[in-house]
Amino acid sequence: MDTHDSTFPLIISVDDHTVEPASVWQDRLPGKYRDAGPRIVRAPVKEMTFLGGRFKPVMGQPGDDGPVGDWWVYEDLRRPLTRLDTAVGYDRDEIRLEVITYEQMRPGSYDVTERLADMDVNHVQSALCFPTFPRFCGQTFTEAKDHELGLLCVRAYNDWMVEEWCGPDAHGRLIPLPIVPLWDAGLAAAEVRRNAARGVRAVAFSEIPPFLGLPSIHTDGWDPFLEACDETGTVVAMHIGSSSRMPSTSADAPPAVGSTITYANCCFSMVDWLMSGKFEQFPNLKVMYAEGQIGWIPYILERADVVWEENRGWGGVADKVHRPPSELFAEHVHGCFFDDAFGLRNLDSIGVGNVLYETDYPHSDSTWPKSREVGEAQMGHLEAEVVERIVRGNAIELLGLTAEGLWPGGGGGAR
């Protein structure tokens, strides 16, 4: 691959995204479910808003007036493909909330060969990709009425992810990230183990499950799932927005407000985990926060330690959190960033081993095709070995990649 004659390490991005091809579920569901399973319909948009952290699209009927796009249809859900799903290659001022078709999309969004080519342009060797239609932790299928079909959809997505998106054609450069049936922790545990048996080392999960109507991690409701992750060395990967709620301040706040404070859910979630006792209950457990950035972490660790030291007697954690939260963070938590000069200037207060790099391709926030240049500009004050760890070394260790930074289950020997 093209290294741009740069001494900057080849990037392993721990937060990119795949836009699922239209055939993923139609090709893999049993015949009796294909008419009910997720499918693409081309139709106009009747109305679409994104205010107060809530995305509300309304699909028109085929033949109606209005901009035409491709929509995922599944039970009562009508979810359009939008320019925000695949914004790379467009001028920033041209990126608007609008529906699009697959033909209007950058092919690297959904095609493996084209994705690898776009990774080459961006100095990226390997990438872990979150879903689009299932949403960031598969909550689309949790919210569906038919959980029998939902489980089949989860498994079909994971089979596509492992066997095709991250299969032989990807040469080990795409790293699988399955989803689980969040409505049943036992089924979720079984899916973790099913995928771990084929070399998968990460799973998508919600940053704040109660926002989805699910138990919090302060209960024992997730213990079967967490035990499976602990036993198999599966990293719990949480993306901003994986609670189906982006931070906002009011129902009429413009998207720019939420975009500025996107880290907030990660902040709340991390405190949840540090005060839950789960890292002591499951000592091998690792979690990571995709697209949460890192500059906010030092203060939260400082404050959490003070609260634990001074207030644990009445704070409800004395019987389950027996060590300072900052120590638990160092052993169990990874923050992920793509553009955070402030965080990098305060790296000593976070921990070199707790930071991962990402590019967010193909979303509107992505640094593609200049992720190398952004990294060089923001990491120029760091020693070469520190940059190596942040850009690729920590990801190799966390995700069980080969020394060359490839997923060993994806035919990584061929380049």
Task: No-hydrogen, no-angle side-chain donor-acceptor test under 3.5 Å, Thr101 and Asp70 - done: no
Open item on the list: Quick one about Glu280 and His322 (side-chain donor to acceptor, distance below 3.5 Å, no hydrogens or angles considered), yes or no?
Closed with: yes
TODO: Please find out if less than 6.0 Å separates the ring center of Tyr357 from that of Phe338.
DONE: no
Task: Within 6.0 angstrom of Glu383 CD, more than 12 heavy atoms from elsewhere - done: no
Task: Any Pro178 side-chain heavy atom under 4.5 Å of Glu191 side chain - done: no
Task: Ser371 and Asn122 side chains, donor-acceptor separation under 3.5 Å - done: yes
Open item on the list: Just verifying a value: how many Å separate Glu75 CD and Leu77 CG, rounded to the nearest 0.5 Å?
Closed with: 9.0 Å
Open item on the list: Just by distance, no angles: are the side chains of Gln378 and Asp340 close enough, under 3.5 Å, to form a donor-acceptor pair?
Closed with: no
TODO: Would you kindly say whether Arg173 and Ser126 are connected by a side-chain donor-acceptor distance under 3.5 Å?
DONE: no
Open item on the list: Restricting to side-chain hydrogen bond (donor to acceptor under 3.5 Å, both in side chains), what partner residues turn up for Gln139, sequence neighbours left out?
Closed with: Ser244
Open item on the list: Between Asp159 and Arg194 (salt bridge meaning N to carboxylate O under 4.0 Å), is one present in this structure?
Closed with: yes
TODO: Look up atom CZ in Arg193 and atom SG in Cys229, then write down how far apart they are to the nearest 0.5 Å.
DONE: 9.0 Å
Open item on the list: Test your reading of the model: is there a side-chain donor-acceptor pair from Asp184 to the backbone of Leu187, 3.5 Å cut-off?
Closed with: yes
Open item on the list: Please enumerate all residues that pass ring pair (Phe, Tyr, Trp, His ring centres under 6.0 Å) together with Tyr74, with sequence neighbours excluded.
Closed with: Phe141
Task: OH (Tyr263) with more than 12 external heavy atoms under 6.0 Å - done: no
Task: Heavy-atom side-chain contact between Ile12 and Ile175 under 4.5 Å - done: yes
- [ ] Check whether any side-chain N or O of Arg312 sits under 3.5 Å from a backbone N or O of Ala318 as a donor-acceptor pair, and report yes or no.
- [x] no
Task: Heavy-atom neighbours of Gln281 CD exceed 12 at 6.0 Å - done: yes
Task: Any donor-acceptor N/O pair, Trp308 side chain to Val321 backbone, under 3.5 Å - done: yes
Open item on the list: If the condition is ring pair (Phe, Tyr, Trp, His ring centres under 6.0 Å), which residues does His381 pass it with, not counting sequence neighbours?
Closed with: none
Task: Centroid-centroid distance, Phe329 to Trp273, less than 6.0 Å - done: no
Task: Distance (rounded to the nearest 0.5 Å) between Lys278 NZ and Trp222 CH2 - done: 11.5 Å
- [ ] Taking ring pair (Phe, Tyr, Trp, His ring centres under 6.0 Å) as the test, write out the residues that go with His218, two or more places apart.
- [x] none
TODO: Under the side-chain contact (heavy atoms from CB on, under 4.5 Å) rule, collect the residues that match up with Pro44, sequence neighbours excluded.
DONE: Asp64, Val68
- [ ] Taking atom CG of Asp319 as the centre, report whether more than 12 heavy atoms of other residues, nucleotides or ligands fall under 6.0 Å from it.
- [x] yes
Task: Whether Thr86 side chain and Met105 backbone form a donor-acceptor pair below 3.5 Å - done: no
- [ ] May I ask you to test the Leu356-Leu398 pair for a side-chain heavy-atom distance under 4.5 Å?
- [x] yes
Open item on the list: Any donor-acceptor pair under 3.5 Å linking the side-chain atoms of Ser269 with those of Asp272?
Closed with: no
Open item on the list: Main chain of Pro38, side chain of Gln26: is a donor-acceptor contact present, judged purely on distance under 3.5 Å?
Closed with: yes
Open item on the list: Quick check on Lys46: does its NZ atom have over 12 non-hydrogen neighbours (other residues, nucleotides or ligands) under 6.0 Å away?
Closed with: no
- [ ] For Tyr157, enumerate each residue passing the ring pair (Phe, Tyr, Trp, His ring centres under 6.0 Å) test, keeping only those at least two apart in sequence or located in another chain.
- [x] Trp160
Open item on the list: Can you confirm whether the side chains of His239 and Asp15 place a donor and an acceptor under 3.5 Å from each other?
Closed with: yes
Open item on the list: Donor-acceptor check, side chain of Glu358 to backbone of Glu291, threshold 3.5 angstrom: yes or no?
Closed with: yes
Task: Output field: ring centroids His17/Phe136 closer than 6.0 Å - done: yes
Task: Side chain to side chain, Trp368 and Thr359, heavy atoms closer than 4.5 Å - done: no
